[in-house]
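To keep things clear, I will list the structure first and then write my remarks on it.
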Amino acid sequence: MMKPQNNLGAATIRLLLGAAVGVACGTAAALFLHVLTSVTAVREGHPWLLWLLPVGGACMSWIYMRWGRQAAQGNPLLFASIRGGEGDIPLRMGPMALLGTWMTHLLGGSAGREGTALQLGGSLAAWIGRLLRVPPTESRLLLLCGISGGFGAVFGTPVAGAVFAFEVAGFRVLTPLRLLSALTASFVGHVTALAWGASHTHYSIGPVPFADLGLLLRVALAAVAFGLLARLFVRLLASLRALLIRHVPQIVWRSVIGGLLVIGLTYVCGSRDYLGLSLPLLSSSFDAQAEGDAFVWKLLFTVVTLGSGYPGGEVTPLFVIGAAFGSFLAGMLSAPPALLAGVGMVSIFAGAARAPLACFALGIELFGGGGALYLLVSCVLSALLAGSSGLYHRSVPSSALRRIGQTIQRLK
């Protein structure tokens with residue numbers, strides 16, 4: 001790779017690298033989303049596939065154990081590489097996450113998409129860095145662009161993708177050029193995915209008063225519940241993982257047990273609404289008040305699926321849990337169901353990921369600026385009340401949260 005002769009040259013190279021990563025991420029994300037839609041349709045048309053979930057999980061676990069090597073570490077390896085340059089990100093990480101997530105959804109596991117998006121973006125960014133012989137000092141930024149591009153392309157929220165990468169990965173030194181590089185990767189990834197025919201579902205929180213004090217207080221009360229539910233989700237997921245690792249050393253058998261539990265839960269609740277992404281449940285939460293047990297079932301299905309080692313992400317299931325819970329709370333708080341569904345959708349994720357700024361940006365991109373005040377208050381409160389541990393537990397708390405915490409301590 002040619003060395004730039006001046007600061008302008010260095011900036012241009014960084015932006016071009018960000019754009020290249022964005023194109024790669026957007027292309028991979030479009031492929032991922034198209035096939036994900038297809039395998040979901042196949043599963044819904046062939047209910048008997050659920051019975052193959054334990055076998056499919058065992059096969060993927062064996063493949064990871066046999067060929068995964070460092071790729072088996074997943075997102076923690078990405079974040080460790082960004083923060084301290086620890087570990088090499090193999091190209092195989094992306095394809096393995098891709099195939100594993102397709103398998104999970106084809107056979108009925110309750111999982112999301114962001115884990116695959118991050119690992120696709122990170123592995124492609126690392127591969128581009130090696131191909132172009134990017135120096136180690138720049139490889140961390142390239143990985144950050146990969147996370148931004150993957151998140152922005154899969155969810156259709158480029159600003160949130162860039163903010164998420166900085167906030168969750170713990171990249172402490174934020175400069176305008178680094179932020180611009182991440183935004184470039186995210187926007188290019190988003191546009192590239194759209195160009196390949198990828199589409200994203202849009203939801204409406206309806207007309208919302210700009211600053212209604214009574215409504216704001218009710219949203220704040222709901223935010224407390226969102227933060228506590230996010231804490232419960234993270235702790236249940238970590239506890240189940242630890243329990244299975246302690247008592248079932250072989251990852252293959254952990255997947256078999258998890259698959260059998262998902263089958264059991266399906267027949268206990270008498271519904272298949274909680275398999276896969278559960279997007280119909282998400283949409284219905286905006287249209288009418290959700291049932292009181294809907295968020296509980298989705299939480300249990302997701303904890304069992306991911307806790308037993310199935311590939312996938314937590315974000316979309318958290319969207320569903322948050323939207324269903326918010327819609328349910330709307331009846332108790334006499335608040336608009338669509339508003340609390342939207343606020344809950346992003347606030348649960350804000351608490352679980354400890355990423356209030358990214359989730360605030362996510363809410364603005366998904367719902368527009370009309371509910372900005374309610375989104376901001378709820379995301380911050382949820383993140384503060386969710387506890388110090390998060391889904392990405394190796395990452396440090398965001399500087400925004402530290403400043404908020406210091407302010408509260410001074411007020412006390």
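- By the 30° and 60° cut-offs, the orientation of the rings of Phe286 relative to Phe367 is tilted.
- Put simply, the side chain of Leu391 reaches to within 4.5 Å of the side chain of Leu318, judged on heavy atoms.
- Proximity of a side-chain donor or acceptor of Thr104 to a complementary backbone N or O of Pro311 within less than 3.5 Å is detected.
- Checking side-chain atoms of Arg354 against main-chain N and O of Val168 turns up no donor-acceptor pair under 3.5 Å.
- Remark: the Thr316 side chain and the Arg113 side chain contain an N/O donor-acceptor pair separated by less than 3.5 Å.
- Within the 4.5 Å cutoff, no side-chain heavy atoms of Leu144 are placed close to those of Arg178.
- We find the OH-OG1 distance between Tyr274 and Thr266 to be 10.5 Å, quoted to the nearest 0.5 Å.
- Taking 4.5 Å as the limit, some side-chain heavy atom of His190 sits within range of a side-chain heavy atom of Leu194.
- With sequence neighbours excluded, the residues that form a side chain to side chain contact (heavy atoms under 4.5 Å, CB included) with Trp196 are Thr27, Ala30, Thr192.
- Ring planes of Trp62 and Trp67: perpendicular class, angle over 60° (limits at 30 and 60°).
- Judged by distance alone, the side chain of Ser186 and the main-chain N or O of Ser148 form a donor-acceptor pair under 3.5 Å.
- Contact annotation: the side chain of Leu33 approaches that of His200 to within less than 4.5 Å [non-hydrogen atoms, C-beta and beyond].
- Taken to the nearest 0.5 Å, the CG atom of Leu106 stands 12.0 Å off from the OG1 atom of Thr101.
- Summarising the geometry of Lys298 relative to Ser278, their closest heavy-atom pair is NZ-OG, 2.8 Å, with the distance given to 0.1 Å.
- Distance check, rounded to the nearest 0.5 Å: CZ of Phe32 to CG of Leu120 gives 7.0 Å.
- Atom NE2 of His34 has more than 12 heavy atoms from other residues, nucleotides or ligands within 6.0 Å.
- The structure places OG of Ser110 at 11.5 Å from CG of Asp273, a figure rounded to the nearest 0.5 Å.
- Although no hydrogens or angles enter the test, the distance criterion places no donor-acceptor pair under 3.5 Å between the side chain of Ser327 and the main chain of Ala323.
- The aromatic rings of Phe328 and Phe325 sit parallel, their planes meeting at an angle under 30°, below the 60° perpendicular limit.
- Closest approach of Leu53 to Gly109, counting heavy atoms only: CD1-N, 4.0 Å.
- Within 6.0 Å of CH2 in Trp127 there are 12 or fewer heavy atoms belonging to other residues, nucleotides or ligands.
- Using a 4.5 Å cut-off on side-chain heavy atoms (C-beta onward), Val343 and Phe226 make contact.
- Although no hydrogens or angles enter the test, the distance criterion places a donor-acceptor pair under 3.5 Å between the side chain of Arg218 and the main chain of Ser334.
- Gly108 and Leu275 get closest at one heavy-atom pair: O-CD2, 3.0 Å.
- Residues Tyr203 and Ser283 meet the side-chain proximity criterion, which asks for heavy atoms closer than 4.5 Å.
- Paired with Leu229 under the rule side chain to side chain contact (heavy atoms under 4.5 Å, CB included), one option of Ile321, Leu385, Val234, Val224 passes, and it is Ile321.
- Arg272 is linked by a salt bridge (Lys or Arg N to Asp or Glu O under 4.0 Å) to nothing, counting only residues two or more places apart in sequence or in another chain.
- When the shell of 6.0 Å around CZ of Arg130 is examined, it contains more than 12 heavy atoms from other residues, nucleotides or ligands.
- Among residue pairs with one or both ends in residues 365-385, those qualifying as side chain to side chain donor-acceptor pair (under 3.5 Å) are Ser347-Ser378; sequence neighbours excluded.
- Cys25 and Gly121 get closest at one heavy-atom pair: SG-CA, 3.5 Å.
- Taking a 6.0 Å sphere around CE of Met65, one finds it holds more than 12 heavy atoms contributed by other residues, nucleotides or ligands.
- A heavy-atom distance below 4.5 Å is not found between the side chains of Pro336 and Val208.
- At least one donor-acceptor pair under 3.5 Å links the side chain of Glu167 to the backbone N or O of Ala358.
- Of all non-hydrogen atoms in Val252 and Ala58, the two that sit nearest each other are CG1-CB, 3.6 Å.
- The line from CZ of Phe349 to SG of Cys359 is 5.0 Å long, rounded to the nearest 0.5 Å.
- Checked by atom type and distance alone, the side chain of Arg254 never pairs as donor or acceptor with a backbone atom of His247 at under 3.5 Å.
- The shortest distance between side-chain heavy atoms of Leu261 and Ser308 does not fall below 4.5 Å.
- Heavy-atom minimum distance, Leu340 versus Gly326: CB-O, 3.3 Å.
- Note that CD1 of Ile89 and CG of Leu124 are 12.0 Å apart. Values are rounded to the nearest 0.5 Å.
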